[in-house]
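One structure is given below, encoded as structure tokens.
Throughout, a chain's letter reflects where its sequence line sits, starting with A, and its residues are numbered from 1.
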Amino acid sequence: EAQVTQNPRYLITVTGKKLTVTCSQNMNHEYMSWYRQDPGLGLRQIYYSMNVEVTDKGDVPEGYKVSRKEKRNFPLILESPSPNQTSLYFCASSSADSLAQYFGPGTRLTVL
Amino acid sequence: GNSVTQMEGPVTLSEEAFLTINCTYTATGYPSLFWYVQYPGEGLQLLLKATKADDKGSNKGFEATYRKETTSFHLEKGSVQVSDSAVYFCALRANNAGNMLTFGGGTRLMVKP
């Protein structure tokens with residue numbers, strides 16, 4: 001089954017404790033992205049990657065890092081989380097010749 | 001910059017009512033336009049899309065027409081069902097934006113039996 005998976009689905013942590021949210025897709029897609037969803041703001045792109053070892057900032061990259069060492073994986077790293085990063089995070093992927101993005105189920109992060 | 005504006009929700013309708021969710025956009029050139037739907041507890045799913053002016057996207061009884069002259073992409077459905085209850089997002093992708101989508105704030109639809 002074609003899918004985008006994220007782990008963990010739920011995470012409660014404390015300020016300053018480094019964390020990683022994993023994202024994996026099994027569709028051999030070139031493009032992958034991370035978004036955060038906040039009430040009334042829709043989804044805002046954090047980082048995106050057009051292929052292995054190619055990443056770029058989206059609209060709200062501050063406080064986040066990403067890496068793309070393999071085509072299927074695109075982890076999101078919060079080196080020192082802060083409460084304003086409490087949000088619902090979505091990973092998405094798409095092929096280079098398609099307009100449609102496939103979204104993962106989301107990771108709800110709470111930073112205390 | 002690019003932006004998408006949607007009507008604020010929630011929109012509450014009775015089953016079989018007509019649905020319109022307004023969406024307008026600001027972008028240079030000719031962006032591609034999308035409607036995504038998010039069911040409770042799930043990620044977003046592509047509902048329909050249109051890539052050029054006057055295109056009509058349609059899926060599952062939903063329709064939206066790309067109106068360049070009014071920079072709009074309103075979502076419509078003739079007869080909603082309880083199972084249509086979800087959050088709907090309008091989005092655009094600019095021509096030179098790779099796979100970067102710009103989303104509206106989302107509109108929650110609640111359909112009552």
[atom1]/[X]: more than 12 non-hydrogen atoms of other groups inside 6.0 Å:
{"X": "B:Y39", "atom1": "OH", "value": "yes"}
{"X": "A:M27", "atom1": "CE", "value": "yes"}
{"X": "B:Q81", "atom1": "CD", "value": "yes"}
{"X": "A:I12", "atom1": "CD1", "value": "no"}
{"X": "B:K49", "atom1": "NZ", "value": "no"}
{"X": "A:Y10", "atom1": "OH", "value": "no"}

| query | Does B:I21 share a hydrophobic cluster with B:F34, counting links as ILVMFWY side-chain heavy atoms below 4.5 Å and allowing steps through other members? | reply | no
Below 4.5 Å from any heavy atom of chain B, which atoms of [X] appear? Answer side chain, backbone, both or neither.
{"X": "A:L43", "answer": "both"}
{"X": "A:D59", "answer": "both"}
{"X": "A:R44", "answer": "neither"}
{"X": "A:Q6", "answer": "neither"}

| request: Return the minimal non-hydrogen interatomic distance between A:F90 and B:Q38, and the atom names on each side. | output: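 Between these two residues, the closest heavy atoms are CZ-NE2, 3.1 Å.
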| How far apart are the closest heavy atoms of A:F103 and B:L44, and which atoms are they? |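 It is CB-O, 3.4 Å.
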| field | CA sep, side-chain torsions, deciding dist, call: B:Y36, A:Q101, side chain to side chain contact (heavy atoms under 4.5 Å, CB included) | value | CA-CA 10 Å; B:Y36 279 83; A:Q101 290 201 24; 3.5 Å; yes
| request: Please look at B:T51 and chain A and tell me whether the side chain, the backbone, both or neither of the residue comes under 4.5 angstrom of a heavy atom of that chain. | output: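 Contact with chain A is through the side chain of B:T51 alone.
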| query | Do B:L46 and A:Y102 touch side chain to side chain, with heavy atoms closer than 4.5 Å? | reply |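 Contact flag for B:L46/A:Y102 side chains = no.
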